[in-house]
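Here is the naming used below: chain letters follow the sequence lines, and residue numbers restart at 1 for every chain. Basis for what follows: all heavy atoms, side chains included, without hydrogens, waters or symmetry-related copies.
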Amino acid sequence: MEIILAIVIGVLYAAGVYLLLRRSIVKLILGLIFFSHATNLLVFLAGSLSKVSPPFVQEGQKVAQASVADPLPQALVLTSLVIGFGITAFALVLIYRFYQSSGTVDFDQLKED
Amino acid sequence: MKYIFVKIVQVIAFAGFYLWELLKANLVLAYDILTPTHHMKPGIVEIPLDIKSDAEIVTLVNLITMTPGSLSLDVSEDKKRLYVHVLYLEDPEAYREEVKTGLEKRVKEVWS
Amino acid sequence: MENLLMLPLVLPVLAAIVSLFAKNSLNFRKASGVFFTLAQLAVAIVILVKVYRDGILVLQVGSWPAPFGITLVADMFSAIMLFFAGLIGFTVSVYALGMMDERRLKFHFYLLFNILLLGVNGAFITGDVFNLYVWFEVMLISSFVLITLGGERKQLEGAVKYVTINMVSSMLFLAAAGLLYGKMGTLNMADLAVKLQHEPASNLVNSSAMLFFIAFGIKAAVFPFFFWLPASYHTPPVAVTALFAGLLTKVGVYAMIRFFTLFFMPLGGIWKELFLITGGLTMLIGVFTAASQYDIRRILSFHIISQIGYMIMGLGFFTPLGIAGAIYYMGHNIVAKTNTFMVGGMVSKLKGTFELKSIGGLYKSHPYLALLFVIPAFALAGVPPLSGFFGKFILVKAGFDSHHFLVTAISLFVGLITLFSMMKIWNEGFWKKQPEDAEEVIAYQEKKLGFAMIFPSVVLALFSIGMGVAVGFFFDFCMTAAHQLLDPSSYIKAVLGN
Amino acid sequence: MQLIRIVGVVFFLAFLTPFIDKRLGKISGYLYALLPALLFTLLLKQLPDIIDRHFIIQSIDWFPLLHVHLSFYLDGLSLLFALLITGMGTLVFIYSGYYMQHYPMRGRFYFYILLFMGAMLGLVLANNLITLFLFWEITSFSSFLLIGFNHERPEARAAALQALLITGFGGLAMLAGFVLLGNVAGSYELTDLLQDGAVVKGSKMYMPLVLLILAGAFTKSAQFPFHFWLPGAMEAPTPVSAYLHSATMVKAGIYLLARLQPILGGTDLWQFSLGLAGAMTMLVGAYFAFTQFDLKKILAYTTISALGMLVLLVGIGTELAITAMVIFLIVHSLYKGALFMIAGAIDKTVGTRDIRHLGGMWPVMPVAAVATFLTLFSMAGLPPFLGFIGKEVIYDAKVQAPEIAVYLAILAVAANIFMVAVAFLFGHGVFFGKKKDPPKIPREPAIPLLIGPVVLSVTSLFMGIYPAILTQPLVLPAIDAVNASPVKLHIQLWHGLNLVFLLSVITVTLGLTLFFFRKPATKALRKFNQRYFKIEFADLFRKLVESFLSFTKRHTEVVQHGYHRFYLMLIFIVSSLLVWYQIYHTRGWGFEANWEEVPFYLIGISLLIITAALGAVFTRSRLVAIILLGVIGYAMAFIFILYGAVDVAITLILVETLVLVLFVMVVYHLPSYMPKYSRPTSRIRDGIIALVFGGFMTALVLKAEFIKISPPISDYFLKEAFTKGHGRNIVNVILVDFRGLDTMGETVVLMIAAIGVFSLLKLKPKKKKEE
Amino acid sequence: MISEWISAVLLVLGAFFMLLAAIGVLRLPDLYIRMHAATKASSFGALLMLVAVSIHFPVAYVIIEAALVIIFIFITAPVASHMIGRIAHLLKVPKWEKTIIDELENRIHYDEKGGKTDD
Amino acid sequence: MILLSTVITNAANVAMGMLLLAFFLAFWRLVKGPSLPDRVVVLDLIASLVIGITLAITFLSGEKVYLNVAVMIALITFMGTVAFAIYLKKRYYDK
Amino acid sequence: MSNPYSNIFRIAATKLRPLLFILSLIVLYRGHQQPGGGFIGGLMAASAYILYALAFNSAEARRKLPLSTSALLGTGLAVILVSGLLSVLAGEPFMTGMWTTLHLPFGQELHLGTPVLFDAGVYLAVIGVLLTIMFDIIDIE
Ligand code: NA
Ligand code: NA
């Protein structure tokens with residue numbers, strides 16, 4: 001694993017955490033997206049790094065070359081990306097409706113009674 | 001048959017013109033970007049339109065944007081006037097004339 | 001015949017399709033919504049019986065051989081959980097007929113309900129780590145929508161908390177799954193078990209286990225990750241809370257037990273201690289918090305947390321009896337907890353509020369409701385011969401057998417405080433005279449409790465009694481499950497062949 | 001004889017009460033009395049067999065895996081208790097038939113009390129400790145329901161809860177004790193345990209299990225310092241007080257101690273604990289009884305005292321002490337049941353139980369008066385009543401007890417002096433002295449109310465006069481059971497003049513003296529109580545509960561403070577600690593980062609992401625943050641492409657753009673970022689947390705040995721994607737075929753998200769009227 | 001070999017024009033002028049690079065796809081810049097002080113509310 | 001995979017460098033603003049830069065499949081710019 | 001007051017809609033062999049309509065749809081389920097791929113299988129999802 005990518009993952013997580021700890025609800029959602037980016041990258045990189053050609057079976061062949069990247073983490077990341085999209089969309093509308101009904105974007109005013 | 005042939009020639013000619021204009025535009029722009037001082041004299045010019053169809057208008061807008069020194073900003077609601085941001089504007093009237101006789105005519109030709 | 005295992009997944013999806021197409025007929029949607037939950041229950045029973053009789057059921061989805069495709073596995077543990085999911089699904093869906101307002105029903109309540117069950121069912125029967133993640137997400141998103149359905153301010157506030165914390169948990173889960181795949185090169189649980197046996201704990205495996213622990217801990221609402229639950233569970237309509245209370249946290253516990261028995265715990269490490277500490281603290285802190293509340297739903301919500309502690313403690317004992325006890329406790333808790341929420345819902349339907357300080361006189365005016373409350377409440381408090389007593393007895397025995405005296409003592413003490421909380425509801429809501437200055441109650445037009453609300457509560461009450469009276473019968477399943485869990489060879493063999 | 005049927009039939013009848021009571025109305029109580037009467041005779045018929053030591057053991061498997069059986073055991077001890085329960089039960093039902101006839105919710109009363117009777121029978125007949133515990137708890141709960149029977153009174157509710165919590169606490173401790181006992185002995189069957197006394201006593205667990213079991217017995221039997229729930233329990237209707245809180249339920253603890261005496265008894269710990277608790281209870285009960293006004297409270301405290309005495313006797317554990325215990329047990333049940341019934345009868349007919357409003361009533365209620373005095377004599381231990389025999393044996397037992405004899409004798413005498421005084425106080429206060437002006441005109445209580453007291457007092461009298469015929473057959477088998485060996489004992493009324501008799505005389509004399517000086521004495525004592533001895537245990541308990549509640553409230557404010565971001569913060573902190581610990585624990589701090597040759601553009605792209613992330617975190621413009629988020633997405637797509645993930649990259653870019661669009665559409669409706677919300681310190685704190693969290697993720701990735709230990713399962717996909725999956729795009733084949741189920745779930749997630757958005761936007765709460 | 005060189009040169013040139021666009025966006029004095037650079041230079045750069053790809057991978061579907069991208073960019077880029085420019089003008093994003101004439105402002109009847117340009 | 005000639009590799013590396021540089025310059029303007037339309041222009045530019053980088057990677061790896069990514073970017077990123085424009089438009093007409 | 005909508009954008013959106021739609025079908029079709037597939041295809045198809053809705057309004061875009069959004073969702077899900085259940089009818093485990101080969105003129109062979117059908121279901125469902133979400137959000141005023 002290239003150290004730089006490890007750092008990127010860490011930075012994305014840190015950014016996510018920092019944003020999640022802010023009071024603004026918009027930042028909260030941003031934080032979640034960062035978190036999800038970081039996770040996807042982590043899953044992808046943890047699964048396959050050594051081989052870089054795209055996982056296709058070449059025309060005229062029946063078996064993929066040994067040099068292709070591990071396709072499974074790609075499929076996993078794809079699935080989680082799409083799921084993440086669905087949930088993010090929902091969360092976005094949720095904060096919009098939250099703001100609409102409570103009139104604030106300050107999370108500290110969410111304090112339950 | 002002849003019509004199609006003429007059309008093809010027209011389109012190719014138009015494409016060539018377009019590419020040439022594009023190249024010119026970028027070179028001029030490159031010069032101005034890379035030199036320390038700006039030589040521009042910008043202004044926004046209204047151009048009354050003779051062309052009517054949507055396709056023609058879009059083509060013209062596109063063309064104006066992609067050619068040197070001009071950028072389409074808006075089309076009026078009745079689609080009769082076009083507003084263009086011009087970088088090197090000496091005389092609005094002259095520019096209007098230039099578009100009417102140059103670009104608009106070519107667009108009309110291509111879509112006719 | 002192995003295709004039987006697809007039914008818990010296919011039925012809810014069918015329910016969703018029907019609901020999407022039957023846009024204009026609300027009655028049809030209701031009927032089909034309930035029908036499909038009933039069908040799921042029936043299937044779950046068939047699976048339970050088959051697993052008990054013939055051993056572990058396996059479906060290799062898509063005919064792909066085991067570690068490569070996704071395997072659906074029903075061992076005893078899964079089958080038991082599946083059964084309870086079916087039971088709760090069916091009873092709550094009937095309850096919702098009497099509880100849910102028409103507007104929510106129009107907005108695909110039963111579709112969401114069935115899909116939530118899809119997620120739960122899927123989580124219980126999948127034999128694949130990543131597939132489990134997917135079912136968790138299915139469960140989560142439908143719970144997100146159910147918790148917000150109706151769009152009231154409280155709901156939205158609760159939902160924001162619920163959504164954010166649960167999303168964090170999902171992502172930790174995903175990260176852990178990714179790391180595990182990176183090291184082990186497989187996602188199939190049985191395959192992981194085999195490969196981990198040969199590979200003593202590496203840094204990666206241990207750390208991803210820790211991430212799993214945190215992720216499942218958040219889902220299961222254990223200390224110190226439980227805050228989202230009491231912040232949100234009291235906001236949606238009771239039918240929704242009843243379903244959540246019964247099932248959702250248990251899925252977290254299920255996953256915890258599955259992962260840590262199948263592959264992590266045998267690796268050694270701090271897991272047992274971690275489970276015992278978390279279990280103990282979860283019990284204590286949850287029950288303390290519950291004792292201070294005066295809103296029925298909140299009391300019950302906090303108790304969900306404290307009860308989770310028992311299950312985690314049972315896992316921490318890591319003996320057959322401890323794990324079987326945890327499973328039995330889960331079943332008991334699913335039934336009793338759901339039922340208390342149902343009764344709470346009936347109280348609010350009668351009185352228009354959940355606030356104990358404003359409620360009273362129900363013992364006199366609604367004696368059968370009182371009885372309906374007492375049974376699950378006593379069950380939760382561990383009164384014999386109801387289910388909760390044996391749950392506690394088994395765990396206490398398991399704790400003493402394995403010489404974990406402190407945490408076991410805590411569990412007994414927590415039982416006492418639970419009793420106190422339940423009796424608080426009883427004293428205030430049922431015995432006390434209806435306070436005459438309770439404005440919200442006076443302003444409220446008392447509604448009739450329909451058969452649809454009472455019937456499911458009766459069924460669950462009978463179940464709480466049955467689980468206690470016929471404890472030998474029920475515990476036999478749990479013990480079988482625990483033996484399978486602690487000796488995964490049969491699971492591995494069923495999934496992987498040799 | 002099927003013991004389970006004896007228990008079962010009572011429960012069965014209990015569950016029929018809702019139906020019976022509707023049909024029969026007021027007379028149902030008398031009818032219910034038939035059942036205990038029948039059971040009493042059935043049980044009595046077993047007496048010869050039991051005397052011949054033909055004990056009955058019956059068992060049904062219930063939960064065999066954990067050795068829990070529905071097993072029952074009838075020997076002398078359980079028979080004695082069962083007879084008490086059914087006999088007293090008969091009288092109490094007759095009494096209730098009249099007493100409760102106009103009560104609202106009468107049906108529930110009979111339900112609860114039958115439930116109790118069944119449970120109590122089950123408790124004394126159970127052979128399995130867990131079965132015993134089951135019935136034990138049911139008695140607690142039926143007691144709870146009965147104490148709170150007048151549930152609209154706050155005092156009744158509080159008293160019920162108090163009693164339940166205390167007995168519940170004891171019960172849980174006892175359960176723990178039972179489990180330990182079962183673990184040590186390998187069985188929960190009493191009949192097995194009786195063989196294993198030595199093993200148990202030799203076990204390491206002996207002390208904890210004894211203490212735990214004692215907690216159960218002491219709370220149930222109202223031993224000091226748990227005694228205070230019993231006076232509170234007087235909130236229950238009087239039949240309940242007579243039955244549960246004097247004759248039967250409170251004796252359950254005594255029963256248990258007697259039962260376990262052969263197994264656990266005889267050790268210093270046992271003797272010391274029982275002796276201490278019993279003596280304290282005996283004294284405290286008697287003392288407080290003397291200063292009460294309420295007839296039922298007086299009786300409650302004397303009951304406490306008697307219970308203390310019984311515990312003390314069990315603790316002494318000599319043969320004689322056990323004999324004394326058994327006899328006194330009977331004596332007490334007879335007189336205390338009767339007295340409670342009379343107190344209730346007076347309350348019912350006269351309208352008050354306050355001794356200050358009662359007096360001089362013997363002319364109007366002679367039958368009641370006679371019955372009362374007969375029982376009071378028994379209570380005071382005067383001959384020829386059974387009470388006298390009881391007291392004699394007690395003194396005898398104490399005198400014979402080794403070592404502590406003197407102290408015990410003094411204590412017992414002191415307590416009994418108060419008892420004698422209380423007895424006279426009671427009788428005199430109600431029937432003699434000045435006539436008072438009670439709420440209702442005094443008259444003879446109705447016959448059903450008097451049947452009980454008369455029968456009991458007469459029984460007491462005859463048992464005293466003919467001990468050999470009536471008492472001995474009942475007592476001997478019970479003593480036999482406790483001592484686990486046959487006894488040869490001759491119970492008689494007259495032992496002759498000896499030290500014991502002398503003690504009796506002293507007791508009565510001093511008691512009478514105290515009675516004559518009752519006015520100054522009670523005044524002084526009350527004053528003393530007010531000034532120096534203010535301890536109200538019930539208050540203490542209430543305060544304990546209250547402070548617990550306020551503790552939980554404070555606790556809740558701390559734990560569930562409502563600030564969402566602190567919840568998140570805690571999660572992050574704990575996760576970081578746990579994972580950092582785990583990383584360190586397994587590998588130490590050594591890193592194996594390999595600085596391979598990294599292409600410059602990878603660094604460039606990484607820097608791009610890092611810059612954009614920092615920008616998004618610190619920008620003051622939401623839209624810039626959103627755009628930067630998009631940029632991060634695009635840049636991540638580059639990484640995906642660089643590592644061969646085409647479909648992922650495409651999907652990421654599409655998704656990222658859509659999220660951008662969504663974000664813009666939604667954020668448009670939200671207000672701009674506010675001026676900085678948080679203080680610099682909290683920003684630094686959050687920054688540190690963020691770095692620690694991100695740091696462990698980096699460390700995890702760096703320290704992970706990503707060399708797969710075996711060929712990954714994806715090798716199979718490379719081979720089979722085209723041949724079996726008919727696709728060249730392996731990722732797509734995985735998505736739609738190898739792992740199609742994932743994709744199905746994913747599609748469902750999307751669908752639900754869409755429905756969620758739809759319902760969020762379209763289903764809004766109805767506008768309430770403007771407030 | 002020649003084709004390789006041609007595609008290499010086109011590749012670098014394309015990237016250069018994109019860089020130019022970025023420099024322009026950074027350096028030019030007002031939004032409208034910056035848009036000239038962003039739209040024209042970046043599209044042109046993409047065009048060059050896509051031609052380079054077509055030359056380098058002379059396969060039918062690569063060429064078709066490259067053409068598709070070119071067409072798409074050249075359809076959408078002016079539309080996008082028009083939309084931004086128009087709205088920027090409506091929002092009265094300041095013009096460079098040397099702008100000599102604004103006939104859009106004079107002729108079009110705007111309602112005078114004006115909006116915020118920053119957030 | 002095609003064996004890459006050094007010429008192309010070098011050219012792609014140079015292109016990559018320039019594009020990344022362009023990216024950072026765009027960031028600069030993005031942060032500077034000052035108006036929102038300024039930032040949207042940057043977004044539009046970034047969309048092009050993304051295509052450019054994708055093409056550069058295509059050259060570097062020699063995998064022509066990656067061209068697909070460029071196609072998708074071209075097709076879809078337009079929507080982002082449009083959304084911002086519409087956001088601005090709404091802001092104007094709502095005020 | 002001038003037109004809030006841009007004519008040019010409207011024209012562009014009108015022209016792009018069929019183009020994107022056809023491209024999306026191509027992407028779906030060749031997804032099994034080349035980059036693409038149901039999700040990406042569905043996203044493209046949806047973006048055709050989203051652009052249209054942005055240029056005009058949601059109601060207008062809905063009118064251009066052959067099916068309602070919820071019917072799209074339902075159909076998509078049904079197609080997915082059917083593709084999985086076909087093998088069950090044949091007595092194989094759930095979701096087992098069933099393939100047939102169509103022999104087209106010019107010697108072309110077309111492999112048709114349930115996984116492709118599955119992808120088509122995903123395609124439909126994704127369109128339904130994105131349009132449900134975006135139309136409603138665009139409608140927020
Ligand atoms: Na949950
Ligand atoms: Na619970």
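Both the backbone and the side chain of A:Ile95 come within less than 4.5 Å of a heavy atom in chain D. Residue contact with chain D, scored on non-hydrogen atoms closer than 4.5 Å, involves the backbone and the side chain of A:Leu20 alike. With a 4.5 Å cut-off on non-hydrogen atoms, D:Leu652 touches chain A through its backbone and its side chain both. Looking at D:Ile713, only its side chain comes within 4.5 Å of chain A, counting heavy atoms on both sides. A:Glu59 touches chain D through backbone and side chain together, each having a heavy atom under 4.5 Å away. When heavy atoms are compared at a cutoff of 4.5 Å, D:Phe696 does not approach chain A at all. Both the backbone and the side chain of A:Leu21 come within contact range of chain D, each with at least one heavy atom under 4.5 Å from a heavy atom of that chain. Interface remark: A:Leu94 contributes backbone and side-chain atoms alike to the contact with chain D (heavy atom separation under 4.5 Å). For D:Leu629, the parts lying near chain A are the backbone and the side chain together; criterion is any non-hydrogen pair under 4.5 Å. Proximity to chain D involves both the backbone and the side chain of A:Val82, based on heavy atoms less than 4.5 angstrom apart.
Residues D:Arg739 and A:Leu72 are in side-chain contact: their nearest non-hydrogen atoms beyond the backbone lie under 4.5 Å apart. Looking only at side-chain heavy atoms (C-beta outward), D:Phe663 and A:Leu30 come within less than 4.5 Å of each other. A heavy-atom distance below 4.5 Å is found between the side chains of D:Lys764 and A:Gln100. Side-chain contact between D:Leu718 and A:Asp70 is absent, with no heavy-atom pair separated by less than 4.5 Å. A 4.5 Å side-chain heavy-atom check between D:Pro671 and A:Tyr99 finds at least one atom pair inside the cut-off. No side-chain heavy atom of D:Val648 sits under 4.5 Å from any side-chain heavy atom of A:Asn40. No side-chain heavy atom of D:Glu720 sits under 4.5 Å from any side-chain heavy atom of A:Val63. Residues D:Val757 and A:Tyr96 fail the side-chain proximity criterion, which asks for heavy atoms closer than 4.5 Å.
Nearest approach of A:Ala75 to D:Ile734, heavy atoms of both residues: CB-CG2, 3.5 Å. In this structure, A:Ala15 and D:Val617 approach most closely via the heavy-atom pair CB-CG2, 3.6 Å. Here the closest heavy-atom approach between residue A:Phe90 and residue D:Ala753 is recorded as CD1-O, 4.2 Å. Contact between D:Leu760 and A:Arg97 at its shortest, heavy atoms only, is O-NE, 2.7 Å. What you find for D:Val731 and A:Pro55 is that their closest heavy atoms are CG2-CG, 3.7 Å.
Heavy-atom pairs under 4.5 Å with chain A peak, among D:Ile609, D:Leu670, D:Val655, at D:Leu670. With chain D as partner, the option from A:Val77, A:Leu41, A:Val68 having the largest number of non-hydrogen pairs under 4.5 angstrom is A:Leu41. If you tally non-hydrogen atom pairs under 4.5 Å between each of A:Pro73, A:Pro71, A:Ala64 and chain D, the highest count goes to A:Pro71. Of the listed residues (D:Phe640, D:Phe717, D:Phe566), the one with the most heavy-atom contacts under 4.5 Å to chain A is D:Phe640.
Between the OG1 atom in A:Thr88 and the CD atom in D:Glu656 there is a gap of 9.0 Å [rounded to 0.5 Å]. Note that CZ of D:Arg565 and CZ of A:Arg22 are 7.0 Å apart. Values are rounded to the nearest 0.5 Å. Atom OG of D:Ser714 is separated from atom CG of A:Leu76 by 9.5 Å, given to the nearest 0.5 angstrom. To the nearest 0.5 Å, the span separating CZ on A:Phe56 from CG on D:Asn732 amounts to 8.5 Å. Atoms CG and CD1, from D:Leu702 and A:Ile9 in turn, are 9.0 Å apart once rounded to the nearest 0.5 Å. With rounding to the nearest 0.5 angstrom, the CD1 atom of D:Ile626 is 11.5 Å from the CD1 atom of A:Ile29.
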Practice prompt. Kindly determine whether D:Ser606 and A:Ile7 satisfy side chain to side chain contact (heavy atoms under 4.5 Å, CB included), including the steps that lead there.
Written response: CA-CA 9 Å; D:Ser606 302; A:Ile7 292 171; over 6 Å; no
Discussion item. Before you tell me yes or no, could you show the steps for D:Leu750 and A:Phe85 under side chain to side chain contact (heavy atoms under 4.5 Å, CB included), namely the whole-Å CA-CA distance, both residues' side-chain angles and the distance that decides it to 0.1 Å?
Written reply: CA-CA 8 Å; D:Leu750 280 181; A:Phe85 166 72; 3.9 Å; yes
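Side chain of D:Glu746 to backbone of A:Leu78: no donor-acceptor contact under 3.5 angstrom is found. Within the 3.5 Å criterion, the main-chain N or O of A:Gln58 finds a donor-acceptor partner in the side chain of D:Arg728.
Aromatic ring pairs are classed by plane angle as parallel below 30°, tilted from 30° to 60° and perpendicular above 60°; the pair D:Phe693 and A:Phe35 is tilted. Using bins of under 30°, 30° to 60° and over 60° for the plane-to-plane angle, the ring pair D:Phe618/A:Tyr18 lands in the tilted bin.
In the model, A:Thr79 has no side-chain atom that pairs as donor or acceptor with a side-chain atom of D:Asp742 under 3.5 Å.
Heavy atoms from other residues, nucleotides or ligands lying under 6.0 Å from NZ of A:Lys62 number 12 at most.
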